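This is a predicted model, so every value here is computed, not measured. We use all heavy atoms of the structure for the numbers below, so side chains are in, but hydrogens, waters and symmetry mates are not.
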Amino acid sequence: MTTASNSRPVEGILWTFGAGILFVGVNVFVKLLGPVMPAAQMAFIRYGLGLALLIPTFRVIARMRLTRRQWGLFAIRGALHSVGVAMWFYAMATIPLADVTAMNYLSPIYITIGAAIFMGEKLAIRRILAVVVGLVGAVVILRPGFREIGPGHFAMLAAALLFACSYLLAKHLTDETDPVAVITMLSVWVTIGLLPMAAPVWVTPSWFELSLLFATACFATLGHYWMTLGFRAAPITATQPVTFLQLVWAVALGVILFDEPIDPFVILGGLMIISAISFITWREAVAKRRQITPPVPPQKMT
C-alpha cells in the first residue's frame, strides 16, 4: 500500500505514462490487423501467446488449494471477459481509435454502479451526479440520431460493461486468493473461451501477423506490469489522470496512421467521462484517508 511517507509521485507518473504508451501500441497493432484477420482469432492468438509468458506462475497456482466455488468464479469471469475481449477486438477493427479509447473509459463508471448494486457500496449524491455525467458523455460520443451508430459502437459499449463485471469479480477473488492466480487464471480461461469463437472463422496467419500479435501480447503484459508499478509508487489520485493521455495518443495516431478525422464530440464526451472518473477516484481516496487517519483529539486550552 502506498502511504504519504513512501509515496513517489514522479516515479508513479512515469510508470503510468509508459504503460499508457504500451496500451496505445496494443491498439495500433490490433487496428493494423483488423482488415486481414477475424477479431475472435486475433484475440485468441493474443491471449494464447500471452499465456506462454505466464507459464512460470503455473507452479505457484498448483500449490494453492482453490475451492470449487473459486474455480467456478474464475470460469464465470473468464467467460465474461472472453466475450468482452472479442467485442473489443471487433470494435477496434471497425471504429476509430479515439471512439474505442473514449468509450473504454466507461468501465469505471459501470464498476461504480455495479459496486453499489451487488456489493452494497453507498453512492453519495455527488458520486451519482458524476456517474450521470459519465453516461451523458457516452451519449455525446455516440450522438444517436445525429450520426450512424455501427455494430462496432454497440460492441464497445458491451465490452466496457463486460470488463466492468470482470473487474468486480477480480476484486472479490483478490480478497480470497493470490493476485497471481487471478491474473493467470484469467488468461487461461479467456484463451479457452475464445477458442470456439475463433475456430469457425480461422484463417492461416502469416509470420508477420503472428509477430504483430506476439508484440501485442508483450506490450499488454508489460503495460499491466508497469501500471502496477505506478500504483505501487504513488496514490491512484496521482497516477489516474495520466492514463487519460491515452485519448490524446489515440486521436493523434488515428489521424496520422489511419487517416481518421478528429471528432470534437468524441473528445468532448471523452473529457466528460474522464472528469467523472477523476472525481469518483478522488472521492474514494478521500474516504479511504478518513478511514485510516484517526480523528485529532480536541486540544485543551491552558
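Between M103 and L142 there is a side-chain heavy-atom pair separated by less than 4.5 Å. With a 4.5 Å cut-off on side-chain heavy atoms, F74 and L186 do not count as touching. Side-chain contact between V255 and I262: present, with at least one pair of heavy atoms (C-beta onward) separated by less than 4.5 Å. Using a 4.5 Å heavy-atom cutoff, the side chains of M37 and E209 are in contact. No side-chain heavy atom of W226 sits less than 4.5 Å from a side-chain heavy atom of T16. Between F258 and L32 there is a side-chain heavy-atom pair separated by less than 4.5 Å. With contacts defined as side-chain heavy-atom distances shorter than 4.5 Å, the pair N27/W249 does not qualify.
Each side-chain hydrogen bond (donor to acceptor under 3.5 Å, both in side chains) pair with one or both residues in residues 73-96, not counting sequence neighbours, appears once here: R77-S166, H81-S166. Applying the ring pair (Phe, Tyr, Trp, His ring centres under 6.0 Å) rule to pairs touching residues 20-64 yields F23-H224, F29-F219, sequence neighbours excluded. Evaluation of the salt bridge (charged side-chain N to carboxylate O under 4.0 Å, His left out) test over residues 80-106, restricted to residues two or more places apart or in two chains, returns D99-R147.
In the hydrophobic cluster analysis, where Ile, Leu, Val, Met, Phe, Trp and Tyr join through side-chain heavy atoms closer than 4.5 angstrom, M197 is grouped apart from V201. Under the 4.5 Å side-chain heavy-atom criterion for ILVMFWY residues, no single connected hydrophobic cluster contains both L129 and V136. No path of Ile, Leu, Val, Met, Phe, Trp and Tyr side chains, each step under 4.5 Å between heavy atoms, connects V132 with I125, placing them in separate hydrophobic clusters. Residues Y110 and V139 do not share a hydrophobic cluster, defined by chaining ILVMFWY side chains whose heavy atoms lie under 4.5 Å apart. The hydrophobic cluster containing M87 also contains I76, counting ILVMFWY residues as joined when their side-chain heavy atoms lie under 4.5 angstrom apart, directly or transitively.
Between L54 atom CG and T184 atom OG1 the span is 5.0 Å, to the nearest 0.5 Å. To the nearest 0.5 angstrom, L22 atom CG is 5.0 Å from L222 atom CG. We find the CZ-OG1 distance between R46 and T216 to be 8.0 Å, quoted to the nearest 0.5 Å. How far CG of L268 is from CG of D263: 10.0 Å, rounded to the nearest 0.5 Å. In this structure, CG on L49 lies 9.0 Å from OG1 on T191, to the nearest 0.5 angstrom. Annotation: the span from L97 atom CG to Q246 atom CD amounts to 11.5 Å, rounded to 0.5 Å.
Here the closest heavy-atom approach between residue V203 and residue Q41 is recorded as O-NE2, 2.6 Å. Summarising the geometry of A86 relative to L194, their closest heavy-atom pair is CB-CD2, 4.0 Å, with the distance given to 0.1 Å. Taking each heavy atom of Y105 and P108 in turn, the nearest pair found is O-CD, 2.9 Å. Nearest heavy-atom pair across A276 and I109 is CB-CD1, 4.0 Å. Nearest heavy-atom pair, P205 versus I45, reported as atom, atom and distance to 0.1 Å: CG-CD1, 4.3 Å. Of all the heavy atoms in A98 and L247, the pair that sits closest is O-CD1, 3.8 Å.
Under the 3.5 Å distance criterion, the side-chain polar atoms of S187 are left unmatched by any main-chain donor or acceptor of L51. Panel note: side chain K31, backbone I95; a donor-acceptor pair is recorded below 3.5 Å.
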Under the side-chain contact (heavy atoms from CB on, under 4.5 Å) criterion, do I117 and I113 qualify, and how do the steps go? CA-CA 6 Å; I117 296 174; I113 298 172; 3.7 Å; yes
One pair to check against side-chain contact (heavy atoms from CB on, under 4.5 Å): W71 and M185. What are the steps and the verdict? CA-CA 9 Å; W71 279 107; M185 293 304 296; 3.0 Å; yes
